[in-house]
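What follows is a short report on a single structure.
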Amino acid sequence: MEYHHFLQLSVFSRIREEHMPDVIAALDVRTARFPKNTVVLRTGTRSRRMGMVLSGSVTIQRLDYLGNRWLLGLSERGEIFGETYALISREPMMVDVVANEDCEILYMDLSGIFSPELAKKPWYAPLLQSLLYITADKNLELSLHSFHTFPKTVRGRLLSYFKTQTLHTGKTEFDIPLNRQQLADYLNLDRSALSNELCKMRDEGLLSFHKSHFRLTPAGVAGLPTEE
């Protein structure tokens, strides 16, 4: 079996190719395909497996008792999900992971990741380093999500989100990975209220947009929130 394609994934990027057969066996690495809108992991279940997106994307979301959806994040190719629940497998899932499009998922069993036997493996330290880095990056994304939902106004939440996009891309024109409904769910807003506010901002000359493509004007950039 060829393993070089696994090494292109961030979680395995620090591991030597000759060690990959042992890694795959020890972590019971498997892959599975899911069609769009399929629930990959369901609220209430317990899982020992962390997922990584090989192709497509998945959304991490939560439904409240009234059926309102809260989109917590989006994992695209090379990004992980379910790592916290896999490491603390006694805790039931508090979110659903749903295929945002047709996707292929790689699973790793983390139930024995802290065992003394695995700690002796030459690939163990590089794997933990990668997992730590990826998990820290994921936690940062969750922190950003809380920043975006902190403002009380629709415009405040949109400007917070757009500020992050300009920082990530280094540009004032960018594409976002969310459609309009997903953006509303991510910012915990009513879709109509979000769409109305976007149109107001466009009419005020702050931005232009088409579907998921946005361009901030100089006036729009001037209105972005600034750090204290």
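Keep in mind it's a predicted model, so treat the numbers as computed, not measured.
Contacts of E79 classified as salt bridge (charged side-chain N to carboxylate O under 4.0 Å, His left out), with partners at least two apart in sequence or in another chain: none. Residues that satisfy the side-chain contact (heavy atoms from CB on, under 4.5 Å) test with T166, not counting sequence neighbours, are K163, F174, L216, L224. By the side-chain contact (heavy atoms from CB on, under 4.5 Å) test, L128 is found to be paired with I113, Y124, L131, residues two or more places apart in sequence or in another chain being considered. Every residue meeting the salt bridge (charged side-chain N to carboxylate O under 4.0 Å, His left out) condition with R16, not counting sequence neighbours, appears here in chain and number order: E18.
For residues 96-105, the pairs satisfying salt bridge (Lys or Arg N to Asp or Glu O under 4.0 Å) are R33-E104, with sequence neighbours left out. Every pair tested for salt bridge (Lys or Arg N to Asp or Glu O under 4.0 Å) that includes a residue from residues 208-220 fails, sequence neighbours excluded, so the list is empty.
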> What's the verdict on side chain to side chain contact (heavy atoms under 4.5 Å, CB included) for S75 and I60, showing C-alpha distance, side-chain angles and the deciding distance?
Replying inline: CA-CA 8 Å; S75 292; I60 295 86; 3.5 Å; yes
> Where do R202 and E197 land on the salt bridge (Lys or Arg N to Asp or Glu O under 4.0 Å) test, with the steps shown first?
Replying inline: CA-CA 9 Å; R202 179 194 60 198; E197 190 62 38; over 6 Å; no
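Nearest heavy-atom pair across G223 and L159 is O-CD1, 3.5 Å. Residues M201 and L158 share a closest heavy-atom pair of SD-CD1, 4.0 Å.
For W70 and D185, the side-chain atoms include no donor-acceptor pair closer than 3.5 Å. Defined by atom type and a distance below 3.5 Å, a donor-acceptor pair is missing between the side-chain atoms of D175 and Q165.
Using a cutoff of 4.0 Å between basic side-chain nitrogens and carboxylate oxygens, E83 and K138 are scored as salt-bridged.
V58 and F34 fall within a single hydrophobic cluster, where Ile, Leu, Val, Met, Phe, Trp and Tyr are joined by side-chain heavy atoms under 4.5 Å apart, directly or via other members.
Between M108 and V11 the shortest side-chain heavy-atom distance falls below 4.5 Å.
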